[in-house]
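One structure is given below, encoded as structure tokens.
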Amino acid sequence: MDLLDGLNDKQKEAVLHTEGPLLILAGAGSGKTRVLTHRAAYLIQQNKCKPYNILAITFTNKAAGEMKERIEKTVGFNPEGEVWVATFHSTCSKILRRFIDRIGYKNDFTIYDSEDQKTLIKNICKKLDIDTKIHKEKALAAQISHLKDKLITPTQFLLEKEGDFTKKVLGQVYVEYQSQLKKNNALDFDDLIAKTVELFKTDEKVLDFYQSQFKYIMVDEYQDTNKAQFELIRILANKSKNLCVVGDDDQSIYKFRGADITNILSFEQVFKNTTVIKLEQNYRSTQNILNCANGVIKNNEGRKEKTLWTENDAGDKIKFIRTQSAYDEAENVCAEINDYVRNGGKYKDCACLYRTNAQSRVLEERLIRFRIPYKIVGGVNFYQRKEVKDMLAYLKTIESGLDDIAVRRIINVPKRAIGATSIAKVQKYADDNDINFYDALIQVEEQQALGKTSAKISAFLDLIRSFRDKLGNISLTELLEAVMVETAYIKELEAEKTDEAKDRIENIYELVSKMAQYEKDHTDATLTGFLEEVALIADIDSLDESNDYVVLLTIHSAKGLEFDNVFLCGMEDGLFPGTGSITEPDELEEERRLCYVAMTRAKRHLTLTCARERMIHGEWVRNNISRFVGEIPKEVMNENEAKEIETEEKKSTIMKPSQSSNAKAVFTTKAFGMESHEKADKLSYDVGDTVKHIKFGVGKVLEIVDGGKDFEVTVEFEKAGVKKMFAGFAKLKKI
DNA sequence: CTCCTTTGTCTTTTT
DNA sequence: GACAAAGGAG
């Protein structure tokens, strides 16, 4: 088949430009996946290289699978190997699995997810005597993650931040965190990238090996790469210079995760003689949808100007539905879906997109009531469920026992009467002697160091040993089955007899069948291999188009997907854009890009919905219509709906009595129900006292004025400056 | 050591 | 409102 058939001029140019750096700026729905697959196929067909000389990096496993399938379909089965299509993380994992011993790790490392990370940091804080009320594990984890995104090692960090006392704790934790990971023979997600870069920079031979293998490199969703990922591909492509990246700055939505837009903006400076191709024709959406999305995104200041156009017809107007509550919103969505299906549409062509996972609950409830088949993507990943992680921790422990987090997780699950104090004692012993937790257990057993508990520990170790004896003789699936039975894990759940326990048992059986499937697919199945696969899986990867169900997912997860009929729910200020981003211009722009991504998922029908009030944190909150809705050109909407938005906008400007944040809070909190804003007779603090505020931190009270309904307190905060606030809202605490 | 109650935190988004 | 962590009783 002719690979250039059906491509437009720009697309052809991109396929034919095989040598040297190439930057493709591809607008939403401009057929970039098509270009990438055809480009790979072209390289093979023209005999420019063997399939295994091509590396294509995608954002999700799902996208990788699809691209691989499409390339194979285009060139046919190729006996000379396969194109390497994978995500950044699994690519790095594969490389490290082979060579990480060159930089001092063991090749059978395990991968820590964010929960493991958090537990590890918590343990470290305990050890270093750091108050996790002031330094939150999650915040520390995020900061460490950002350092790794920028390839800053603990040593470098300490060097650079020497004398900066505000960063002292972070430095301490980072150093300890990294050394613990190494001791546990574990890598976190960021390490997968960073350690691969480190490997390439330390071992020339390994680098040379991969540089020679990957003669052509392609990167999809390039706008969402971070500095470490950029460095990785820069090094890899340094020899051949045949690097082709595809991205759209308007669709950059992972800044919070370290995505660095300068990777796109300065690509031409880093790679000399770069060819730039812009794909601006959209094949996906109707004229109206495109105009709608364009109208919103053009309000962003920091973007490369581009004009996305389409030859498609105008299509339906954009629908806008505002309801009283989030429940009504969900019902309206259900009714619309029913209409759509009644008119010949399919459930699977419908998607409900939202900003936060929490919004899925109400939608789900109504979908059930309407008997509409649905699938929720995201939320709690299957492999993150407690029972599944427990099983995996057993497997990890059986395999090596190096992973302290795993061992500690299961030592008392099911209950073995080994409590927190015993664990702390063993941990102290391990720390003092600089050995792993599991080894410390063995020594405690030998020395009978913990009295009665020693016997309990011994029983646990015997259990693990009995599994280890079986390891080579039975299949992995059988091993897992043995674990769930012989630990009495299942028995304990059965005894509970609750619905929840039944779910858990089901999940464990589900894990067993996943394991069986893995063993079927891999002749060289190993425990390490299974654990790796499981660690790098995203929920979106399980989305199966052959099932006819409505898909519910966050906008982030929807990136790269398209649906005929899209519902964008919760279009409210405070939710989308979220409260935190309204005051920060940069963050507001990211939210707007997110909105742009959401809208451009739609092929023919786009419905925006919002509610006047909804439950957030168990409190009713009133929201205005999202400012993004007001940015939509009026002509793409129905007249009366556009008018409703307009009048609402006017009202909300009148409603805003002043610019001050606390005044706004009076209007946005509490629609009805119990009054939380009640004037106290007397305050627990006085002028001159030091108080703490939930958001602004610690400060000194300057003034207290009795405003009749409430006390108005003026506080000078150490970080946030001077703020005036109502005592009833601020909930200041004297410290 | 375990179970139960209370308190606090959470809202961004994910590999 | 949901869930985890901390605190208190047995």
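Each chain gets a letter, A, B and so on, in the order its sequence line appears, and its residues count up from 1.
In a base pair of the Watson-Crick type (N1 to N3 plus N6-O4 or O6-N4) or a G-U wobble (N1-O2 and O6-N3), with each distance short of 3.5 Å, B:dG8 is matched with C:dC3. Across all strands shown, B:dT13 forms no Watson-Crick or G-U wobble pair with both key distances under 3.5 Å.
Using a 4.5 Å heavy-atom threshold, the side chains of A:L187 and A:F109 count as touching. Considering only heavy atoms from C-beta on, A:Q384 comes within 4.5 Å of A:D113 through its side chain.
In this structure, the CG atom of A:L187 is 18 Å from the P atom of B:dT15, given to the nearest Å. Protein atom CD of A:E584 is 15 Å distant from nucleotide atom C1' of B:dT12, rounded to whole Å. Residue A:I616 contributes atom CD1, which lies 11 Å from atom C1' of B:dT12 at whole-angstrom precision. Put simply, NZ on A:K386 is 16 Å from P on C:dA2, counting in whole angstrom units. In this structure, the CG atom of A:D541 is 13 Å from the P atom of B:dT14, given to the nearest Å. As rounded to whole Å, 19 Å separates atom P of B:dT13 from atom CD of A:E221. For the pair A:I121 CD1 and C:dA5 P, the interatomic distance rounds to 14 Å; values are reported in whole Å. What separates CG of A:L575 from P of B:dC10 is a distance of 18 Å, to the nearest Å.
Put simply, A:N357 has a side-chain N or O that comes within less than 4.0 Å of OP1 or OP2 on B:dT13. Contact between the side-chain N/O atoms of A:N381 and the OP1/OP2 oxygens of B:dT15 is not found at any separation under 4.0 Å. Close to B:dT13, at under 4.0 Å from its OP1 or OP2, lies no side-chain N or O of A:S557. Close to B:dC3, at under 4.0 Å from its OP1 or OP2, lies a side-chain N or O of A:K415. Remark: A:S422 is in phosphate contact with B:dC1, judged by side-chain N or O atoms under 4.0 Å from OP1 or OP2.
Taking the six-membered ring where the residue is Trp, the centroids of A:Y354 and A:H556 are separated by 6.0 Å or more.
Taking the 5.5 Å centre cut-off and the 30° plane limit, the aromatic side chain of A:Y254 is not classed as stacked on B:dT13. Stacking between A:H617 and the base of B:dT11 is absent under the criterion of ring centres within 5.5 Å and planes under 30 degrees.
On a pure distance criterion of 3.5 Å, a polar donor-acceptor pair joins the side chain of A:R355 and the base of B:dT13.
Using a 4.0 Å cut-off between charged nitrogen and carboxylate oxygen, A:R409 and A:D116 do not count as a salt-bridge pair.
Across B:dT12 and C:dA5, the matching C1' atoms stand 23 Å from one another, rounded to whole Å. If you take atom C1' in B:dT11 and the same atom in C:dA6, they sit 23 Å apart, rounded to whole Å.
Of the listed nucleotides (C:dA5, B:dT2, B:dT14), B:dT14 has the atom at the smallest distance from the side chain of A:T554. Side-chain proximity of A:F256 to the nucleotides B:dT14, B:dT15, C:dA5 is greatest for B:dT14. Closest to the A:R257 side chain, of the nucleotides B:dT14, B:dT13, B:dC1, is B:dT14.
Residues A:T487 and A:P414 approach most closely at O-CG, 3.1 Å, considering heavy atoms. Nearest approach of A:M571 to A:C610, heavy atoms of both residues: O-CB, 3.2 Å.
When the nearest nucleotides of DNA chain B are assigned to A:K138 and A:I537 by heavy-atom distance, the more 5′-ward of the two goes with A:K138. Comparing A:G378 and A:I423 by the nucleotide of DNA chain B whose heavy atom lies nearest to each, the residue mapping closer to the 5' end is A:I423.
The salt bridge (Lys or Arg N to Asp or Glu O under 4.0 Å) test with A:K559 is passed by exactly one of A:D220, A:D224, A:D250: A:D224.
Residue-level contact check: A:A358 touches neither bases nor backbone, having no heavy atom under 4.0 Å from any strand. Heavy atoms of A:Q359 sit nowhere under 4.0 angstrom from any nucleic acid atom. Heavy atoms of A:G618 sit under 4.0 angstrom from at least one base atom. Counting non-hydrogen atoms under 4.0 angstrom, A:E591 reaches a base of the nucleic acid.
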